[in-house]
*Asks:* 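Structure incoming, see below.
The residues of the chain are indexed from 1 along the displayed sequence. Reckoned from all heavy atoms, side chains included, excluding hydrogens, waters and symmetry mates.
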Amino acid sequence: MNLRGPVALALALVALHATPAAAANVLANPGFESGLSGWTCGTTSGAQAVSSPVHGGARALQATPQGSDYARCQQTVTVKPNTAYQLSAWVQGNYVFLGATGTGGTDPQTWGAPGAAWSQLKTSFTTGPSTTSVTVYVNGWYGQGAYLADDVVLDGPGGTPDTQAPTVPGTVSVGGATSSSLTVSWAASTDNVGVARYEVSRDGGLPVAVTGTSHQATGLAAATTYRFKVRACDAAGNCSAYTPEASGTTTSGGGGGGGLPKRVMVGYLHASFANGSGYIRMSEVPNEWDIINLAFGEPTSVTSGDIRFRQCPAAECPNVEPEADFVAAIRAKQAQGKKVLISIGGQNGQVQLTTAAARDKFVESVSAIIDRYGLDGLDIDFEGHSLFLNPGDTNLANPTTPVVVNLISALKSLKSRYGATFVLTMAPETFFVQLGHQFYGPGPNGTADSRSASYLPVIHALRNDLTLLHVQDYNSGPIMGLDGQYHTMGGHDFHVAMTDMLLAGFPIMGNAGNVFPPLRQDQVAIGLPASPNAGNGFTTVAEVQKAFDCLARGTNCGTYRPRGVYPNLRGLMTWSINWDRYNGFEFSRSHRAYLNALT
């Protein structure tokens, strides 16, 4: 039949409409038909291409999380800058995650729990202006059994492959020695596209990936020398040669707070005031508490640096004990292995060390309190307007604002004066720490609150001397977590998200080139109100323990999924011992039993 004119054109259009173009999948071996070719999988996951069940073709990926390896399989591909991409995969399993990293914007992640039925996960992203490669991944979750994945699609245009490696990092130095850690630092590398990560090798072993230009090696043996070398890698997987090795030696003493158990309970004791919860004598503090913070030492004026502590006046606390009995009770607690600290600040104790004179007075007056009562150390509970960052003070490692610089100097002086056994703890609010994921000081436009995340440079400078950081997960507004979502106090997800930021580290103001590095697990405890009367954000016993299970065991997690499992998470802090008694000792007795049962 000879078709011409409008009829032929109409049939041609119908044919074109009936056969849409296939997706421009830029992934290699997306259906695992060639085994694991093109994919890199976790070393202990037992990843393999199986013939059944499959979604399409003859093969599918099967992998099983083991221990701390959640069986991630990933592939790095070249892409074009400023371009939209669609990512999808067909999956089976209890928990399966699909996502991409290195996108130059908000890295996408989605997850599902389809069980034994194939289900499609979908997400999308737009590459940044200088992004030329991204890493696509699929993984399961801790203790959730094997998962399956098939027909993974990254729909969008491919880019020009990046084959140029970064330059070798600058001179490596090793310092910040404690009995169990060393800090490795180096000068930044350059790359034609951008440095994605650095890899630090200790004593020639497998490298650890980090995003900044420093790394804290933890879990080391005391009085031992270790060797480190570093290389730089870009997102396409091109890596420089390693630097020459540099060495450092751990100290023989403790890093502060020696003698504390693996899991600690920290409580504040209303030692200088009463507020409706009733006064508790030091001798009456229950045995559940490992660290007892005397609340509070306060300044004679905001900027004097002159800290004073007095026991609660008899007119306010009729059952207050004589000072001699107070000191004797402190000694008795210490003989039981407890630590007793002076806590400086609180809601009403504004402390601004604006001058060197105030700094020196702070050291002198705090030392006098410690010596008078024979205390084990110091807790910093600066709130309100005590800390802030001046415009332009954006370098985490080299702050310039006097109130920050002088506080760091004062705390280092106190640590030096009292030595390795000195216990140093901090209790900032989320506003002064985790908010740094979004805001840091007044910000580039000078319009943000100058107090935002102003504790971060203090914590960072003292991380080798810090015994415990227990951020107050209460009296807080919603805070954005590492998942890009806002989390609200009062439930387990809030505590998981806030603690995960401290233990995984986070980019300050979302800048991957300016990262707050993770703290050691043994340095972090979760801060909570002891009762509904004690503060906004009270969390029930069940919700607290659900959060701790998720963080320390990788089980019982809710919506938020932490970046790792943290078996050495140190414990819990509460405001306060007094409010706990007021609430029938629910906090201390329930959580002490729970922590003791953890391995």
*Asks:* Between Tyr95 and Asn139, do the side chains contain an N or O donor and an N or O acceptor separated by less than 3.5 Å?
*Replies:*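 Looking only at side-chain atoms, Asn139 and Tyr95 do not form any donor-acceptor pair under 3.5 Å.
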*Asks:* Verify whether one side chain among Thr110 and Thr123 offers a donor that lies under 3.5 Å from an acceptor in the other.
*Replies:* no
*Asks:* Taking Leu466's backbone N and O only, do any of them form a donor-acceptor pair with Gln523's side chain (distance below 3.5 Å, no angle check)?
*Replies:* yes
*Asks:* Would you call Gln521 and Leu503 a side-chain contact if the rule is heavy atoms closer than 4.5 Å?
*Replies:* yes
*Asks:* Could you report the tightest heavy-atom contact between Cys73 and Tyr147, atom names first, then the distance?
*Replies:*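 It is N-OH, 4.0 Å.
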*Asks:* Roughly how far, to the nearest 0.5 Å, is the OG1 atom of Thr400 from the CG atom of Asn395?
*Replies:* 9.0 Å
*Asks:* Before accepting this row, confirm whether a basic side-chain N of the pair Arg59/Glu33 lies closer than 4.0 Å to the acidic partner's carboxylate O.
*Replies:*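 Between Glu33 and Arg59 there is no salt bridge, as every charged N stays at least 4.0 Å from the carboxylate O atoms.
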*Asks:* Sub-3.5 Å donor-acceptor pair from the side chain of His437 to the main-chain atoms of Pro507, do we have one?
*Replies:* yes
*Asks:* Working to the nearest 0.5 angstrom, can you tell me the gap between Ser51 OG and Gln62 CD?
*Replies:* 10.0 Å
*Asks:* Just by distance, with hydrogens left out, do His495 and Thr539 show a side-chain donor and acceptor under 3.5 Å apart?
*Replies:*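 Present: a donor and an acceptor within the cut-off.
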*Asks:* Please check if any side-chain donor atom of Ser185 sits under 3.5 Å from a side-chain acceptor atom of Ser173, or the reverse.
*Replies:* yes
*Asks:* Report the C-alpha separation of Phe494 and Thr430 in whole Å, then their side-chain angles, then the decisive distance to 0.1 Å, and conclude whether the side-chain contact (heavy atoms from CB on, under 4.5 Å) test is met.
*Replies:* CA-CA 11 Å; Phe494 185 73; Thr430 57; 4.2 Å; yes
*Asks:* Would you say Arg197 and Cys239 make side-chain contact, with heavy atoms under 4.5 Å?
*Replies:* yes
*Asks:* Counting C-beta onward and ignoring hydrogens, is there a side-chain heavy-atom pair between Val200 and Trp186 closer than 4.5 Å?
*Replies:*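 Yes; the side chains approach each other to less than 4.5 Å.
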*Asks:* I'd like to check Val208 versus His215 (side-chain heavy atoms, cut-off strictly below 4.5 Å). Are they in contact?
*Replies:* yes
*Asks:* Quick check against the 3.5 Å criterion: does Arg451 have a side-chain atom that pairs as donor or acceptor with the backbone of Phe431?
*Replies:*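 Here the side-chain-to-backbone pair does not exist.
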*Asks:* Please confirm whether the backbone N or O of Thr447 pairs with a side-chain atom of Asn445, one donor and one acceptor, at under 3.5 Å?
*Replies:*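 Checked: no pair found.
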*Asks:* Looking at every non-hydrogen atom in both residues, tell me the closest pair between Val174 and Ser247 and how far apart they are.
*Replies:* CB-O, 3.7 Å
*Asks:* In Å, rounded to the nearest 0.5 Å, how long is the span from CG of Leu569 to CG of Leu598?
*Replies:* 9.0 Å
*Asks:* Please work out whether the ring planes of Phe506 and Phe516 are parallel, tilted or perpendicular, with thresholds of 30° and 60°.
*Replies:*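 Ring orientation of Phe506 relative to Phe516: tilted.
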*Asks:* Judged by atom type as modelled, is there a donor-acceptor pair below 3.5 Å linking the side chain of Asp234 to the main-chain atoms of Ala196?
*Replies:* no
*Asks:* Starting at CD1 of Ile459, measure out to CG of Leu502 and round the result to the nearest 0.5 Å.
*Replies:* 7.5 Å
*Asks:* Give me the atom names and distance for the closest heavy-atom approach of Arg520 to Arg463.
*Replies:* NH1-O, 4.2 Å
*Asks:* In sequence, state the C-alpha distance, the side-chain angles, and the governing distance for Leu87 and Asp155, and then conclude on side-chain contact (heavy atoms from CB on, under 4.5 Å).
*Replies:* CA-CA 6 Å; Leu87 177 61; Asp155 183 5; over 6 Å; no
*Asks:* Quick one, Tyr242 and Pro207 - any side-chain contact, counting heavy atoms below 4.5 Å?
*Replies:*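 When only atoms from C-beta onward are counted, Pro207 and Tyr242 do touch, with a gap below 4.5 Å.
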*Asks:* Do Glu245 and Tyr226 have side-chain N/O donor and acceptor atoms under 3.5 Å apart?
*Replies:*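 No - no donor-acceptor pair under 3.5 Å links their side chains.
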*Asks:* Do Lys262 and Asn568 have side chains that approach each other closer than 4.5 Å (heavy atoms only, starting at C-beta)?
*Replies:*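 Touching, per the 4.5 Å side-chain cut-off.
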*Asks:* Are Phe32 and Trp39 near enough that their ring centres are under 6.0 Å apart?
*Replies:*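 Under 6.0 Å, so yes.
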*Asks:* With a 3.5 Å distance limit and no angle check, can you tell me whether Glu543 reaches the backbone of His492 through a side-chain donor-acceptor pair?
*Replies:*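 The answer is yes, because a donor-acceptor pair under 3.5 Å joins these two groups.
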*Asks:* Do you see a donor-acceptor pair shorter than 3.5 Å between the side chains of Thr127 and Thr103?
*Replies:*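 No donor-acceptor contact under 3.5 Å links the two side chains.
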*Asks:* Once rounded to the nearest 0.5 Å, what's the spacing between atom CG of Leu389 and atom OG of Ser454?
*Replies:* 5.5 Å
*Asks:* For a side-chain contact (heavy atoms from CB on, under 4.5 Å) check, start with the C-alpha distance between Leu27 and Val136, then their side-chain angles and the critical distance, and finish with the verdict.
*Replies:* CA-CA 9 Å; Leu27 294 175; Val136 171; 4.2 Å; yes
*Asks:* What class does the angle between the rings of Phe97 and Trp111 fall in, given that below 30° is parallel, 30 to 60° is tilted and above 60° is perpendicular?
*Replies:* parallel
*Asks:* How long is the gap from CZ on Arg227 to CZ on Arg202, to the nearest 0.5 Å?
*Replies:*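 Reported value, rounded in 0.5 Å steps: 11.0 Å.
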*Asks:* Considering all heavy atoms of both residues, which atom of Cys550 and which atom of Pro562 are nearest to each other, and what is their separation?
*Replies:* SG-CD, 3.6 Å
*Asks:* Quick one about His487 and Asp493 (side-chain donor to acceptor, distance below 3.5 Å, no hydrogens or angles considered), yes or no?
*Replies:*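 Side chains of Asp493 and His487: no pair found under 3.5 Å.
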*Asks:* Say whether Gln109 and Tyr137, considering side chains only, have a donor N or O and an acceptor N or O under 3.5 Å apart.
*Replies:*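 Result is yes, a qualifying pair exists.
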*Asks:* State, without any angle test, whether Asp500 and Tyr566 hold a side-chain donor-acceptor pair at a distance under 3.5 Å.
*Replies:*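 Asp500 vs Tyr566: donor-acceptor pair found between side chains.
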*Asks:* Tell me whether Gln434 contacts the main-chain N or O of Met498 through its side chain, where contact means a donor paired with an acceptor under 3.5 Å.
*Replies:* yes
*Asks:* Do the non-hydrogen side-chain atoms of Trp141 and Val96 ever get within less than 4.5 Å of each other?
*Replies:*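 Side-chain contact under 4.5 Å: no.
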*Asks:* Contact between Leu456 and Leu396 at the side-chain level, heavy atoms closer than 4.5 Å - yes or no?
*Replies:* yes
*Asks:* Which is it for Leu468 and Val524 under the side-chain contact (heavy atoms from CB on, under 4.5 Å) test, yes or no, and what are the steps along the way?
*Replies:* CA-CA 6 Å; Leu468 276 178; Val524 176; over 6 Å; no
*Asks:* Hey, is the main chain of Leu528 close enough, under 3.5 Å, to the side chain of Asp473 for a donor-acceptor pair?
*Replies:* no
*Asks:* Using atom types as modelled and distance alone, determine if a side-chain donor or acceptor of Asp151 lies under 3.5 Å from a backbone N or O of Gly31.
*Replies:*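 Pair absent, no side-chain N/O of Asp151 close to backbone of Gly31.
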*Asks:* So, Ser34 side chain and Ser37 main chain: donor-acceptor pair closer than 3.5 Å or not?
*Replies:* no
*Asks:* Testing the basics here: between Val54 and Ala60, what is the closest heavy-atom pair and its distance to 0.1 Å?
*Replies:*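 In this case the closest contact between Val54 and Ala60 is CG1-N, 3.8 Å.
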*Asks:* Where is the tightest heavy-atom contact between Ala453 and Pro457, given as atom of each residue plus distance?
*Replies:*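 Scanning both residues, the minimum pair turns out to be O-CD, 3.9 Å.
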